[in-house]
Amino acid sequence: MENAEIARVLSEIADLLELTGGNPFKVRAYRRAAQVIDVHPSPVAPLWRAGGLAELPGIGEHIAEKIGELVDTGECREHARLATQVPPGVLEMLSLEGVGPKTVAAVWKGLGVSDLAGLEAACRSGRVLEAPRVGAVRAAAILAAIERHRGRAGRMPLHRALEHADAILARLRQVPGVSRAEAAGSLRRRKETVGDIDLLVASADAGPVVRAFTRLPGVAAALAEGPTKASVRLRAGIQVDLRVLPPESFGAALHYFTGSKTHNIALRTRAMKLGLKVSEYGVFDRAGRRVGGAAEEDVFRAVGLPFIPPELREGAGEIEAAEANALPRLVEESDLLGDLHVHSRASSDGRSELEELAARGRALGRRYLAVTDHSRARPLGLDGPHLEAHAAAVRALDARLGGRPRLLAGVEVDVLPTGELDLPLDVLRGLDCVVAAVHSRLADPAPRMTERIVRALRSGAVHVLAHPTGRALGSRDPSALDLGRVLSVAREEGVALEVNAMPERLDLGDVGCRAARAAGVPVVISSDAHEASQLENLRHGVWVARRGWLEAKDVLNTLPPDELQRRLRRRTARTRTRTATTTP
DNA sequence: GCCGTTTTCGGCCCGACTGTTTTCAGTCG
């Protein structure tokens, strides 16, 4: 069973307990446990079998047993027992904005409303007003929330949220008195999708900032507006929250609103033990005296920790690593020296000429580009002879450009449903960089997909496994796959796994990166550019890698050109040796 | 339910805004 599924069940137990009047601290314990499992970098099932589950923070004897039950039987009796007491429609009501456990419990137990349709009817008829603390305004808000829930766009991909945030921040910085304006929240942690946008502004005079914010051109509705805080919904559908603080609090606030919640609780608890209080206004000692808060570093310094980069603040071991002075030195965009997955017009879907790609690559400071057009299984893909001619053209241009940037002749070869590669091995061995990818039958069951990929990796001709899970954010789920097995074979075979930096893919994702690092498998961050401008996508991949705790040494395309090519040739040489010794 | 050089029992992060109320509960982040 996947970690995500275990986390979902634990979180649902928390909801069910809350609705049935359970101990609020028990509810919190389940929530925390769900969070910990959700971000844990490797499957927890083996951990349960090895008896090490209760060593995870927030997982004690009882919750470990529940997880074990889930892993062993696929069910959890405690969950099932609670679920019989609460109709599924009641749980669904909890996902409405502005509707929490108290309200749901009140309309369910008090009015007999047990699903969204019932709640909608009760709002329209006015019967919902019989519930405590529900008036006409809330009834209307609930109706609107039901509406949004039904047509929900869901979470927004990071790159789109960033565009909205940047546009708004630029405007807020124009407001007189504003000294700083930054994005916080999951956006700053560079999560792959963003549920809402959190913005933070430093100003001694909050009023004008709040007013400017709620009157921005893209605003569809102001949801809340107070003296220092406001929320709006953009016409694009996403909610934006603004908080204005005095400059002396900006660092503490930036830390606080960057989160994650789990990280903040851990950090505040640590502060409490040191006799300090950390809030968004600053760090305060026992006497209530401010000891810091203007800079984010103040918060970490106060609790005796080094600065933790935002991408790591998921409560997934970063505090412990910081304590042990074992934080990774995260890879940066400037560490990347080249790009190993780029398409040209030679095959189906590329739109730029080789010369344009090379020129743009050089302008971006890339020292090498691997041209990896599609193989014949893709519409208009290249067969052996065409690919060899294309490789010759790439090398001729490389010679003409004098290796600035160095152009590598490569291919993105399809992994066929059988696990065979779409081109003969001798053609592949003549190339500098072979990127293998699955593009068909993405919904195959995990055992079949895993064996298919393993067979391709065992071919000996593959340097990089591209977009390993095939997911497309918001439109296609990742393929079922035993990533642990793929990683162990990749390690044996010397194959790197790609972090595909197309903003809609980001595949591997953060959790996969961390697993690759743990398995000792190098990663390649690639743009998969289909036109020259997309070479800039690399930065999205860097964010994913940073969230996956990767350092420059974990990423192959931080190597300078000669060293990289030696690495790729070593792989090919190994293949030849083995073929020679295993072929009769 | 979890956790501990303040505790194996008795705590559990902290604050803003809204709507419903005449002082605060609920929700959210």
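In what follows, chains are A, B, ... by sequence order, proteins preceding strands, each numbered from 1. If you're wondering where the values come from, they're calculated on a predicted model, not measured in any experiment.
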Q. How far apart are the C-alpha atoms of A:Arg160 and A:Glu504, what are their side-chain angles, what is the distance that settles it, and do they pass the salt bridge (charged side-chain N to carboxylate O under 4.0 Å, His left out) test?
A. CA-CA 10 Å; A:Arg160 288 194 49 215; A:Glu504 307 290 346; over 6 Å; no
(Q) Taking the P atom in each of B:dC9 and B:dA16, what is the distance between them to the nearest angstrom? (A)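 Those two atoms are separated by 37 Å.
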(Q) I'd like the P distance from B:dG15 over to B:dT21, given in whole Å. (A)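 Per the computed distance, 27 Å lies between those P atoms.
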Q. Between atom CZ in A:Arg138 and atom C1' in B:dC24, what is the gap in whole Å?
A.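 Distance, rounded to whole Å: 14 Å.
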Q.
Could you tell me how far apart A:Ile37 (CD1) and B:dC2 (P) are, to the nearest whole angstrom?
A.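 Rounded to the whole Å, the gap is 11 Å.
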Q. What string of B, S and - do you get for nucleotides 9-18 of chain B, 5' to 3', when a contact is any protein heavy atom under 4.0 Å?
A. ---BBBSSSS
Which atom pairs link the protein and nucleotides 21-23 of chain B when you take only N or O atoms and keep those under 3.5 Å?
none

Q.
Using salt bridge (charged side-chain N to carboxylate O under 4.0 Å, His left out), reason through A:Arg188 and A:Glu311 one step at a time and then give a plain yes or no.
A. CA-CA 7 Å; A:Arg188 182 159 179 253; A:Glu311 293 95 328; over 6 Å; no
**Q.** Salt-bridge criterion met for A:Glu296 and A:Arg313 (N-O under 4.0 Å)
**A.**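 A:Arg313 and A:Glu296: salt-bridged.
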Q.
On DNA chain B, compare the nucleotides closest to A:Leu94 and A:Leu274; which residue's is nearer the 5' end?
A.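 Residue closer to the 5' terminus by nearest nucleotide: A:Leu274.
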Q. A:Ala29 side chain: which of B:dG29, B:dT27, B:dC2 is closest?
A.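 Within the option list, the nearest is B:dC2.
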**Q.** Listed nucleotide nearest any side-chain atom of A:Asp196, set B:dT27, B:dG29, B:dC2
**A.**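 Side chain of A:Asp196 sits closest to B:dG29.
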Q | Complementary nucleotide for B:dG11 - Watson-Crick or wobble, under 3.5 Å | A |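 Pairing partner, where one exists within any strand: B:dC2.
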Q: Look at all strands and tell whether A:Leu267 reaches a base, only sugar-phosphate, or nothing, counting heavy atoms closer than 4.0 Å.
A: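 The answer is nothing, as A:Leu267 stays clear of every strand by at least 4.0 Å.
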Q. Does A:His255 have its ring centroid less than 6.0 Å away from the ring centroid of A:His263?
A.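 Centroid distance A:His255-A:His263: below 6.0 Å, so yes.
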